[in-house]
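Comments concern the structure below.
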Amino acid sequence: MGSSGLFSLVPLIVLLPVAGLLINIIFGGRMNEKAIGAVASAASGFAFVVAVLLGVALRTGSGEAVVIPFADWIHIGDLNIAWNFRVDTLSVLMMLVVSGVGTLIHIYAIGYMHEDVRFKNDIGRYRRFFVFMNLFIAMMMILVSGDSYLMLFVGWEGVGLCSFLLIGFWYDKDTLGRPSTANANAARKAFIVNRIGDFGFLIAGFAMFWAFKDLSFGGVFTQAAQVASVAPGVILFITLFLLVGVTGKSAQLPLYVWLPDAMAGPTPVSALIHAATMVTAGVYLVARSAPLYMLVPQAQTAVALVGGITALFAATIAVGQYDIKKVLAYSTISQLGFMVAAVGMGAFVPGMFHLVTHAFFKALLFLSAGSVILGLERGHHHLANQSGPGKPESLDSGHPATESPDSMHSEEVFDPNDMRNMGGLRKQMPVTFWLYLIGALALAGIFPLAGFWSKDEILADAFQKFPAVYLLLTIAAFLTAFYMGRQVWMVFFGKPRHAAVAHAEESPKVIIVPLMILAAAAILGGVLNLPGVHSLTLWLEHTIAGVEAGEFNFLVAGLSTVLALVAIGLSWVLYGREPLAEGQKDPLKKLLGPVFTVFERKYWVDEAYWAVFVNRYVDIARFLADVIDGRFWHDWFHEKVVAGTYNWLSRTVLDLRVDQQFIDAIANGLGRLTKRISSDLRRLQNGFVRSYALAVLAGVVVILGYLILK
């Protein structure tokens, strides 16, 4: 099959994950867990193979975009939007990240969910989880492979739905499997906040169709320069409202608040959302819309500032968190700020480069955190079951795990996510420790790991073009290295701060092997765009016009590396030199006092949103329910106007004896009239044949007489 023939495979990018979820829906009830996980993983894995083949086709060809028609979609009057797939270097890069990292997460989830559904005592949800995961991959593939903003929006909404389903996967249980609605509330929060961002995308789409009479990328970008010369305000309007959508999906200020709560979902969900799918959609949208943003510098500045401020803001919050996954969640918000700032500055290649490397090391960190959480849960179950049947077995053992017995609640409430319950796990889980350390150093930007190369490309561009953004990102990078050092010291070093740590066990191979692959990618990922080679720059220049290979800035790279090492050293002074003991107050809290409290309480943004928006919405709802629906509509209109008027009329009719003297008289009169007429007519029916014959003769005479006279 030639390169042109390979392009025809692109629908499989979506159809393969859909086939995987359909197989598990239809036949999963008769399949064991390994088979269900294998089907879902294979569906994502084969999609990755297709993405590789598409990349090969582009590489061997000219590298220019190829549009593959699939089906007619919307045809109303002059509006004709087809369901077409777009294969170009940008879309294929996203396909490779989504399917490649997504497949590793699927494989990891085979082991993770095997234990999680048993800890939560609900084995039946195992199949549902993988159905949702395949749906997530399919929707993300629609988003990145579509040839129009409308098709992109379908995937955009699809990943929003999938995030709702997976964040609230344990919608009726908490971490320990007890009845709770907290996870359902987190899913609802994510859904609602994203609808606000989606409203911005919709407004931009309406304006785009009004200005261009087209929503396909080719049609919009071809006309963009002409429209900008006539009405530049229209392009500015479109790009700013697209930014609203970006702040929702990619969790930027002010719509970032849903992402930390998304940790309510199982850890593979956290990794999939934060590393490979949903949150990268906003960065992709700006990069895809590069021809529009480059026409309006004001919009680029707005995007860059939103990204820079978000990067620093989220990094400060991460410093004060104790939940191992929430530290990573705020880290994701911060790193997305780096990416958004980059594409806002016009540094599209560094932004996409960081998107790719971040997918490697953030997936590694989240999945490693999941390994830690499982280890603590095993240890906690061991303690709870010392007088019971024993702790859960791993997936590799071949024996079923114990189904979350009620005896686990015999001791205090235990949070396996809380870093204050950890410590000393380096000895209990050595493989997970080294893998986590690689991810942490990559995120901190330590040479020569992948994060060093991608982060410094962004800092170098900011140093040249946007000094204010450079300052924001540099401080954020310093804090990133600090809070990752703090996390590593608290989780893996010192003495155990909970008895469960002493019984923690290393995770099985099905969990560890995907982590090893991601660790290798986090180490070697920088080769994608090394200075002097610029492979990714050469790849993306076929899609994004005007990209330039940036020069390696030794001053920026050296300064950022020194700052990262200083931050790690500072974290060691506070948390590593004298590791935190059980019940000990956080040393940074003693040092910073109320400032740390601000970080720990996340600037009270959620509380402010509740006070300004949510509670006001509740007040309006109560007003409508109590005053409008209750007092006005029910008590006054229904009871007084409708029922009162009816009762008054009834009493009036009764008092005037209208019913008896008028209505009854009419009815009775009609009855008497009917009776009289029937009595008269009865005389004609006397039963004598001669009477009937006489009547017939009389009738004949009358008819003949009429005819003769006429």
Rounded distance [0.5 Å steps], CD in Glu64 versus OG1 in Thr89: 8.5 Å

Hey, does Phe366 have a side-chain heavy atom less than 4.5 Å from the side chain of Ile105? no

Do Pro531 and Trp453 touch side chain to side chain, with heavy atoms closer than 4.5 Å? yes

Roughly how far, to the nearest 0.5 Å, is the CG atom of Leu570 from the CG atom of Leu574? 5.0 Å

Would a distance-only check, ignoring hydrogens and angles, find a side-chain to backbone donor-acceptor pair under 3.5 Å from Lys325 to Met263? yes

Donor-acceptor under 3.5 Å (Ser331 side chain, Val327 main chain): no

Once the angle between the rings of Tyr470 and Phe463 is folded into 0 to 90°, is it parallel (under 30°), tilted (30 to 60°) or perpendicular (over 60°)? perpendicular

Donor-acceptor pair, distance only, cut-off 3.5 Å: does the side chain of His542 make one with the backbone of Leu540? no

Should the ring pair Phe552 and Phe452 be called parallel, tilted or perpendicular, given that the plane angle runs from 0 to 90° and is split at 30 and 60? tilted

How about Trp156 and Asp198: does a side-chain donor come under 3.5 Å of a side-chain acceptor? yes

Less than 6.0 Å separating the ring centroids of Phe217 and Tyr149? yes

Within 45° of the six-membered ring axis of Phe191 and under 6.0 Å from that ring's centre, is NZ or CZ of Arg195 located there? yes

Main-chain N/O of Phe599 paired with Lys602 side-chain donor or acceptor, under 3.5 Å: no

Criterion side chain to side chain contact (heavy atoms under 4.5 Å, CB included) against Ile13, the qualifying member of Leu54, Val92, Ile137: Leu54

Say whether, by atom type as modelled, one donor and one acceptor occur between the side chain of Tyr284 and the main chain of Val144 under 3.5 angstrom. yes

Ser99 vs Met141, side chain to side chain contact (heavy atoms under 4.5 Å, CB included): CA-CA, chis, key distance, verdict: CA-CA 8 Å; Ser99 58; Met141 287 301 192; 3.4 Å; yes

Can you see which heavy atom on Val286 is nearest to which on Phe348, and at what distance? O-CE2, 4.0 Å

Closest non-hydrogen atom pair, Ala224 against Ile235: O-CD1, 4.3 Å

Considering all heavy atoms, the nearest Lys326-Pro260 contact: CE-O, 3.7 Å

Worked check of side chain to side chain contact (heavy atoms under 4.5 Å, CB included) between Arg86 and Met151: CA-CA 11 Å; Arg86 185 179 188 87; Met151 189 171 166; over 6 Å; no

Glu457 and Asn529: side chain donor to acceptor below 3.5 Å: yes

Compare all side-chain heavy atoms of Val159 with those of Lys249 and state whether any distance is below 4.5 angstrom. yes

Looking only at heavy atoms, which two atoms of Gly265 and Ser270 are closest? And how far apart? O-OG, 3.9 Å

Side chain Thr357, main chain Gly525, donor-acceptor under 3.5 Å: no

Which residue in the set Leu473, Val469, Val343 passes side chain to side chain contact (heavy atoms under 4.5 Å, CB included) when paired with Ile458? Leu473

Determine, stepwise, if the pair Met278 / Met140 fulfils side chain to side chain contact (heavy atoms under 4.5 Å, CB included). CA-CA 7 Å; Met278 186 166 168; Met140 192 64 191; 5.8 Å; no

Got a second to check how far Ile568's CD1 is from Thr480's OG1, nearest 0.5 Å? 10.5 Å

Tyr603 and Phe313 aromatic centres sub-6.0 Å: yes

One should read off an interatomic distance between Ile238 CD1 and Met208 CE, to the nearest 0.5 angstrom, of 5.0 Å

When you compare the side chain of Met352 with that of Trp539, does any pair of heavy atoms fall below 4.5 Å? no

Euclidean distance, Leu365 CG relative to Leu443 CG, rounded to 0.5 Å: 6.0 Å

Side chains of Thr239 and Val303, heavy atoms from C-beta outward: is any pair under 4.5 Å? no

Does a side chain donor of either Tyr483 or Gln321 reach within less than 3.5 Å of an acceptor in the other side chain? no

Run the side chain to side chain contact (heavy atoms under 4.5 Å, CB included) check on Val296 and Gln300 step by step: do they pass? CA-CA 7 Å; Val296 278; Gln300 288 185 293; 6.0 Å; no

Quick one: are Val598 and Trp604 in side-chain contact, heavy atoms under 4.5 Å? yes

Is any side-chain heavy atom of Thr543 closer than 4.5 Å to a side-chain heavy atom of Arg288? yes

Check: Thr280 main-chain N/O paired with Ser250 side-chain donor or acceptor under 3.5 Å: no

Hey, would you say the Phe237 and Phe241 ring centroids sit under 6.0 Å apart? yes

Pairwise side-chain contact, Leu479 with Leu312, heavy-atom cut-off 4.5 Å (strictly under): yes

Closest non-hydrogen atom pair, Phe338 against Ala477: CZ-N, 4.0 Å

Rounded to the nearest 0.5 Å, how far apart are CG of Leu435 and OG of Ser368? 5.5 Å

Have a look at Gln487 and tell me which of Tyr322, Tyr436, Tyr575 forms a side chain to side chain donor-acceptor pair (under 3.5 Å) with it. Tyr436

So does Ala57 get a backbone contact from the side chain of Thr60, meaning a donor-acceptor N/O pair under 3.5 Å? yes

May I ask you to decide if Val319's main-chain N or O and Arg486's side chain share a donor-acceptor pair within less than 3.5 Å? yes

Say whether, by atom type as modelled, one donor and one acceptor occur between the side chain of Ser334 and the main chain of Tyr330 under 3.5 angstrom. no

Heavy-atom closest pair, residues Trp258 and Ala190: CB-CA, 3.5 Å

